[in-house]
Amino acid sequence: MVSCAVASCKNSSAKISKNKDGITFHRFPRDKDRCQQWVVAVNREQGWAATSSSAVCSEHFLTQDFYLTDSGLRRLSVNAIPVINISACQAPEPTISKLPPIDINPTDTDEVIQLKHKVRRLEIIAENRKRRLNLMWQRKKRLRKKIERLKGLLRHLVKVKKAKDGGS
Ligand SMILES: [Zn+2]
């Protein structure tokens, strides 16, 4: 049985299944530096160390941290670090398991199964783009406000200067 190493997470392979809940478990990186980043992220008691069987469940990774292999296996990208819902004080965030599991029928041919996986890959990509677009939209709104503020300031300065020129 694998349990999620995140202090505040109760997910274990005994309680959840990949097909039903869409949650997968990911072992700590072998690379020492990256492994240490994970150890910090999972927020465990002092002195806790990851072992070769320690794992973090997919609930703590961003959608863009995952990619699917051609055969439809979900893999974690090399630089991924758990960031979502790792502390009890964090507001819960939507995670990848919100996507319903791929629905495969026993009668599906290999081609159909492959196409279903492809659709899922595209769904994840679309989801990421939507998120990025949203961020860009927010940034644009902030920049617009900044421009308005600067314009106001400029108008004010021009007025002050005109008053000064007129007064002298
Ligand atoms: Zn977890």
Side-chain angles (χ1 to χ4, degrees), residues 1-108 110-139 141-142:
M1 188 192 81
V2 194
S3 297
C4 180
V6 171
S8 56
C9 184
K10 302 275 179 287
N11 286 341
S12 77
S13 59
K15 272 192 289 187
I16 56 159
S17 87
K18 183 184 167 196
N19 291 329
K20 197 173 103 258
D21 307 299
I23 294 173
T24 45
F25 289 90
H26 303 272
R27 299 217 181 279
F28 278 61
R30 259 182 242 156
D31 177 89
K32 259 198 193 143
D33 291 340
R34 293 194 44 245
C35 182
Q36 190 49 38
Q37 290 176 317
W38 281 42
V39 169
V40 171
V42 295
N43 200 18
R44 294 289 291 258
E45 62 276 9
Q46 193 91 54
W48 183 87
T51 68
S52 58
S53 59
S54 300
V56 171
C57 81
S58 52
E59 292 285 90
H60 311 287
F61 296 95
L62 301 169
T63 321
Q64 58 262 41
D65 286 338
F66 295 99
Y67 66 95
L68 288 177
T69 62
D70 285 335
S71 52
L73 285 172
R74 192 161 78 202
R75 290 270 169 78
L76 201 55
S77 73
V78 190
N79 299 314
I81 293 171
V83 286
I84 299 176
N85 304 338
I86 47 180
S87 131
C89 342
Q90 239 175 323
E93 267 193 63
T95 51
I96 193 158
S97 62
K98 292 291 180 295
L99 284 173
I102 299 174
D103 175 33
I104 291 166
N105 300 319
T107 51
D108 284 347
D110 280 353
E111 203 188 351
V112 170
I113 292 173
Q114 265 184 19
L115 282 173
K116 281 182 175 175
H117 282 303
K118 200 170 175 184
V119 167
R120 172 50 51 90
R121 258 201 309 276
L122 292 173
E123 277 173 351
I124 291 176
I125 290 171
E127 197 54 45
N128 288 341
R129 293 213 173 136
K130 220 164 37 184
R131 208 173 292 183
R132 220 176 316 151
L133 212 60
N134 247 327
L135 284 175
M136 274 155 70
W137 184 254
Q138 285 168 6
R139 207 177 304 155
K141 248 171 46 187
R142 273 201 302 272

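Every number for a ligand or one of its atoms is a count from 1 in the order of the listing.
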Checklist entry - Roughly how far, to the nearest 0.5 Å, is the OG atom of S8 from the NZ atom of K10? => result 7.0 Å
Item to check | Residue and atom names of protein N/O/S atoms that fall under 2.8 Å from the Zn ion (ligand 1) | outcome: C4 SG, C9 SG, C57 SG, H60 NE2
Next on the checklist: Are I104 and H117 packed together at the side-chain level, in the sense that at least one heavy-atom pair is separated by less than 4.5 angstrom?
Outcome noted: yes
Item to check | Over 12 foreign heavy atoms within 6.0 Å of CD, Q46 | outcome: no
Checklist entry - Between F66 and F61, what is the ring plane arrangement, given parallel below 30°, perpendicular above 60°, and tilted in between? => result perpendicular
Next on the checklist: So for atom CE, which belongs to M136, do other residues, nucleotides or ligands contribute more than 12 heavy atoms lying within a distance under 6.0 Å?
Outcome noted: no
Checklist entry - Is there a side chain to side chain contact (heavy atoms under 4.5 Å, CB included) between C4 and H60 once you walk through the steps? => result CA-CA 10 Å; C4 180; H60 311 287; 3.4 Å; yes
